[in-house]
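What you see below is based on every heavy atom in this structure, not just the backbone, and it leaves out hydrogens, waters and symmetry mates.
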Amino acid sequence: MIKKRIIPCLDVKDGRVVKGVQFKGLRDIGNPIDLALYYNDAGADELVFLDISRTEEGHDLMLEVIEETANQLFIPLTIGGGIQTLDDITQLLHHGADKVSLNSSALKNPELIRQASEKFGRQCICIAIDSYYDENRHDYFCTTHGGKKLTDVRVYDWVQQVEHLGAGELLVTSMRHDGMKQGFDIEHLSEIKSLVNIPIIASGGGGNAQHFVELFRKTDVSAGLAASILHDKETSVDQIKETLRQGGIPVR
């Protein structure tokens, strides 16, 4: 059985780590480099670094911060936020990213996924999906620009398309669960997993270590993402992993 991964996520806006609830009400958490090093030493398997201000407002990639962070990490680093071109990806990989996360740009230009996977390898290309449940249409749809713009692209169609185009991994955030700490969107994640054969990182709703046990028992996702419960030290990566071990779930 493949060992499950626990991945802290740093949402960065204007050079600071922030966290909200359902993508709103952002509050300051701290310095991204300090937090990255803290999680590196705390037993995290990987780190996701999302520059949410870049997608919304557009500005230069935070290459200096990324390089300084990557130089001190011993774990893989995934960078996302406002990546538009193959040249953006090249710069990020040259400055220390191990993988890149594409969202808005991939929805705008799906061919970017194919081009990127052919140039850099599938293992470098993660597709992030901010999944919004539309009560009127009784279905999940992709959003862009940090969850602010709703598209007509069905999540269940999109995950199959991006796998076909060459994505190596999915990062799925269920927006109605994000920051709520009530548990992951198990049914939604299970449905996505039944449609694709690439690893899935589950995001949105992890409120305690037991939620991760439930996630891995009830779905075949590869990793669980956490932000606020780790930033606020309500639990730790080690505590989550120990609870998983006690529950018979293999972790790194």
Side-chain angles (χ1 to χ4, degrees), residues 3-19 28-106 112-113 115-128 146 166-171 173 198-199 201 203 222-228 230-231 236-238 240-241 251-252:
K3 292 182 177 179
K4 304 300 186 180
R5 293 171 286 153
I6 302 300
I7 305 176
C9 179
L10 306 182
D11 290 327
V12 181
K13 185 175 175 67
D14 303 325
R16 300 286 293 177
V17 176
V18 296
K19 190 67 187 95
D28 186 277
I29 301 294
N31 178 288
I33 297 173
D34 293 344
L35 278 161
L37 296 179
Y38 165 74
Y39 288 125
N40 180 82
D41 297 339
D45 297 302
E46 295 182 22
L47 197 63
V48 171
F49 196 112
L50 299 178
D51 186 355
I52 60 174
S53 51
R54 180 170 163 80
T55 307
E56 291 174 34
E57 299 150 22
H59 59 81
D60 291 335
L61 298 162
M62 300 186 350
L63 296 176
E64 287 180 15
V65 172
I66 291 161
E67 186 167 34
E68 187 175 346
T69 305
N71 284 342
Q72 300 176 72
L73 290 182
F74 298 104
I75 55 176
L77 178 62
T78 299
I79 304 290
I83 300 167
Q84 303 288 340
T85 64
L86 293 177
D87 183 57
D88 285 345
I89 299 172
T90 299
Q91 286 195 70
L92 289 166
L93 295 175
H94 282 169
H95 282 79
D98 297 284
K99 293 185 278 189
V100 294
S101 169
L102 306 176
N103 185 346
S104 302
S105 60
L112 179 63
I113 302 170
Q115 294 164 358
S117 67
E118 287 176 357
K119 181 169 183 178
F120 306 107
R122 293 180 78 111
Q123 77 284 351
C124 288
I125 309 303
C126 175
I127 299 301
E169 188 171 51
L170 300 175
L171 167 52
T173 302
I198 52 178
I201 303 170
S203 169
S222 302
L225 198 80
S228 49
L230 295 178
H231 299 338
S236 66
V237 175
D238 274 345
I240 293 172
K241 287 188 172 184
V251 290
R252 296 183 175 189

Starting from the C-alpha separation in whole Å, work towards a yes-or-no answer on side-chain contact (heavy atoms from CB on, under 4.5 Å) for Val12 and Val65.
CA-CA 11 Å; Val12 181; Val65 172; over 6 Å; no

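- Residues Pro76 and Asp98 come closest through the heavy atom pair CA-OD2, 3.2 Å.
- Using a 4.5 Å cut-off on side-chain heavy atoms (C-beta onward), Leu47 and Leu10 make contact.
- No donor-acceptor pair under 3.5 Å is formed between the side chain of Asp45 and the backbone N or O of Ile7.
- For the salt bridge (Lys or Arg N to Asp or Glu O under 4.0 Å) test with Arg16, the passing option among Asp11, Asp51, Asp28 is Asp28; the others fail.
- Between the side chains of Tyr39 and His231, a donor-acceptor pair is found at a separation under 3.5 Å.
- Note: Leu171 CG to Leu102 CG = 11.5 Å, rounded to the nearest 0.5 Å.
- Scanning all heavy atoms of the two residues, the minimum distance from Ile83 to Ile79 falls at CD1-O, 3.5 Å.
- For the pair Asn40 (side chain) and Ala36 (backbone), a donor-acceptor distance under 3.5 Å is absent.
- One finds the NE2 atom of His94 at 11.5 Å from the CD atom of Glu67 (value rounded to the nearest 0.5 Å).
- Rounding to the nearest 0.5 Å places CD1 of Ile113 at 8.0 Å from OG of Ser105.
- Here the side chains of Thr90 and Phe120 are in contact, with some heavy-atom distance below 4.5 Å.
- At a threshold of 4.5 Å between non-hydrogen side-chain atoms, the residues Ile198 and Arg122 count as touching.
- Minimum interatomic distance between Gly15 and Pro32 (heavy atoms only, all atoms of both residues): O-CD, 3.3 Å.
- The two residues Thr78 and Glu46 come nearest to each other via the heavy atoms OG1-OE1, 4.2 Å.
- Taken to the nearest 0.5 Å, the CG atom of Leu77 stands 10.0 Å off from the NZ atom of Lys99.
- In this structure, Leu112 CG and Asp88 CG are separated by 9.0 Å, a value rounded to the nearest 0.5 Å.
- Here the CD atom belonging to Gln115 is positioned 5.5 Å from the CG atom belonging to Leu86, to the nearest 0.5 angstrom.
- Residues Ile33 and Gln72 meet the side-chain proximity criterion, which asks for heavy atoms closer than 4.5 Å.
- Between Arg5 and Pro199, the closest side-chain pair of non-hydrogen atoms falls below 4.5 Å.
- With a 4.5 Å cut-off on side-chain heavy atoms, Ile125 and Val100 count as touching.
- Across Ser203 and Thr173, no two heavy atoms sit closer than the pair OG-OG1, 3.1 Å.
- Ile6 and Lys241 get closest at one heavy-atom pair: CG1-CG, 4.2 Å.
- For the pair Leu37 and Thr69, the minimum side-chain heavy-atom distance is 4.5 Å or more.
- Between Leu92 and Ile89, every side-chain heavy-atom pair lies at or beyond the 4.5 Å cut-off.
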